[in-house]
Amino acid sequence: MSKLPLSFYTRPDSVTIARDLIGKHFYSCLDGVLTGGMIVETEAYSGVDDAACHAHLGRRTKRTQIMYETGGVAYVYLIYGIYSLFNIVTNVEGTADAVLIRAIAPLEGLGEMQLRRGLSKLETRLTAGPGLLTQAMGISTLHNGTSLLGKEIWLEDRGDSFSEEEVLAGPRVGVAYAGEDAKLPWRFSLKGSKWVSKAKPTY
DNA sequence: TACAAGATCCCCT
DNA sequence: GGGGATCTTGTAC
């Protein structure tokens, strides 16, 4: 159980990082409560050249500013006025790459996560979706810019690894507006895991 | 200053 | 399987 080092995040290829994150563990310790689990679904966003990325064509706004920072910090933004989506900023300063964490298999703090989600029993609605896992783990836009090497939110390698056959690659979800880039196989998921989100890509 | 749309999810049919 | 919730953000005027 070792925290992922800065060098994991500053690598140049967010697609490789998204693939490597399947099987890594994602935890938060907020209000003194440890919650989280193993990552089973991710999506890569590749900076200015990626039409699906918020920083496409070098767009630099208050929201996207954090994506240009050195990798290893959180990019959290609000979608549909309701859900916080958690991304890991990658690559070096000046680039705007990120990886969206879409789903985890819950392991720690199940009771607290159910409480935050308003669920009375364990079901996939707990953490199988990008807007769900943030709610379960208590992550909100307040955590935008938080270092992933600190004590609030971090990632770990607990020795779980999966072969190429066990990790599926397919088109990303909800990015039809990105045209051809929406077809890129930049969504990764753990084959057979019931904790992978139900969302289907447009292609 | 205004408006349209969004890296989603829930609940009802 | 489909529509509505809900409000921030980006861009246009």
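Predicted model, so just to flag it, every value in this text is computed and none were measured. To find a chain, count down the sequence lines: A is the first, B the second, and so on, and within it residues start at 1.
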Close side-chain approach of [X] and [Y], heavy atoms under 4.5 Å:
| X | Y | value |
| --- | --- | --- |
| A:Arg11 | A:Asp20 | yes |
| A:Ile39 | A:Leu155 | yes |
| A:Pro106 | A:Trp195 | yes |

Show me the dot-bracket string of DNA chain B, counting Watson-Crick or G-U pairs under 3.5 Å, with | for pairs to another strand and [ ] for crossing ones. ||||||.|||||.

Would A:Ile88 and A:Leu21 satisfy side chain to side chain contact (heavy atoms under 4.5 Å, CB included), going step by step from the backbone distance to the final call? CA-CA 10 Å; A:Ile88 292 165; A:Leu21 282 171; 3.8 Å; yes

Does atom NZ of A:Lys3 have more than 12 heavy-atom neighbours, drawn from other residues, nucleotides or ligands, at distances under 6.0 Å?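 Yes, NZ of A:Lys3 has more than 12 neighbouring heavy atoms, counting only those of other groups under 6.0 Å.
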
How does the hydrophobic cluster around A:Val48 look, that is, which other residues are in it when side-chain heavy atoms under 4.5 Å mark a link?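 Cluster partners of A:Val48: A:Tyr68.
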
Where along residues 44-53 of chain A does a heavy atom come under 4.0 Å from DNA chain C, residue by residue in number order?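 Going residue by residue through residues 44-53 of chain A, none turns out to have a heavy atom under 4.0 Å of DNA chain C.
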
Strand-adjacent residues in residues 57-75 of chain A, judged by heavy atoms under 4.0 Å from DNA chain C: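 Heavy-atom cutoff 4.0 Å gives A:Arg59, A:Thr61, A:Arg63.
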
Name all residues meeting the side-chain hydrogen bond (donor to acceptor under 3.5 Å, both in side chains) criterion together with A:Thr70; count only those two or more places apart in sequence or in a different chain, and write none if there are none.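 For A:Thr70, no residue satisfies side-chain hydrogen bond (donor to acceptor under 3.5 Å, both in side chains) once neighbours in sequence are set aside.
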
Decide yes or no on side chain to side chain contact (heavy atoms under 4.5 Å, CB included) for A:Glu164 and A:Arg19, but give the supporting numbers first. CA-CA 10 Å; A:Glu164 289 306 308; A:Arg19 162 63 182 87; 3.3 Å; yes

Of all pairs that satisfy side chain to side chain donor-acceptor pair (under 3.5 Å), the ones with a partner from residues 153-163 of chain A, not counting sequence neighbours: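 Counting only pairs at least two positions apart or across chains, the side chain to side chain donor-acceptor pair (under 3.5 Å) contacts touching residues 153-163 of chain A are A:His25-A:Asp160, A:Tyr27-A:Arg158, A:Trp154-A:Glu156, A:Glu156-A:Arg158, A:Ser163-A:Glu165, A:Ser163-A:Glu166.
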
Dump the pairs, protein N or O against N or O of nucleotides 11-13 of chain B, anything under 3.5 Å, distances to one decimal.
| unit_1 | atom_1 | unit_2 | atom_2 | d |
| --- | --- | --- | --- | --- |
| B:dC11 | OP2 | A:Arg125 | NH1 | 3.4 |

Closest approach of A:Thr134 to A:Gly131 (non-hydrogen atoms, all atoms of both residues):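 Taking A:Thr134 first and A:Gly131 second, the nearest heavy atoms are OG1-O, 3.1 Å.
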
What's the NZ-C1' distance between A:Lys198 and B:dC10, to the nearest Å?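 Computing the A:Lys198:NZ to B:dC10:C1' distance gives 14 Å.
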
Check whether any side-chain N or O of [X] sits under 3.5 Å from a backbone N or O of [Y] as a donor-acceptor pair, and report yes or no.
| X | Y | answer |
| --- | --- | --- |
| A:His56 | A:Cys53 | no |
| A:Glu43 | A:Val173 | yes |
| A:Arg187 | A:Glu41 | no |
| A:Asp50 | A:Tyr45 | no |

Distance-only donor-acceptor pairs under 3.5 Å for side chains of residues 118-130 of chain A, two or more places apart:
| unit_1 | atom_1 | unit_2 | atom_2 | d |
| --- | --- | --- | --- | --- |
| A:Glu123 | OE1 | A:Arg125 | NE | 3.3 |
| A:Thr127 | OG1 | A:Ile104 | O | 2.7 |

What are the residues of residues 92-124 of chain A, sorted by number, that bring a heavy atom to within less than 4.0 Å of DNA chain B?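 Here the set is A:Leu100, A:Arg102, A:Arg117.
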
Between A:Ser28 and A:Thr35, a side-chain donor and acceptor under 3.5 Å: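 The answer is yes; a qualifying pair exists.
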
Donor + acceptor pair across side chains of A:Gln135, A:Arg116 (<3.5 Å):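 Note: A:Gln135 and A:Arg116 side chains miss the donor-acceptor criterion.
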
Tell me, which pairs form a ring-ring contact (aromatic ring centres under 6.0 Å, His included) where one or both residues lie in residues 86-122 of chain A, sequence neighbours left out?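 Every ring-ring contact (aromatic ring centres under 6.0 Å, His included) pair that includes a residue of residues 86-122 of chain A, provided the two are not neighbours, is A:Phe26-A:Phe86.
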
Would you grab the first and last nucleotide of DNA chain C (5' to 3') that comes under 4.0 Å of any non-hydrogen atom in chain A?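 Listed 5' to 3', the contact boundaries are C:dA5 to C:dT11.
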
What does the list of N/O pairs under 3.5 Å between the protein and nucleotides 3-6 of chain B look like, with a distance for each?
none

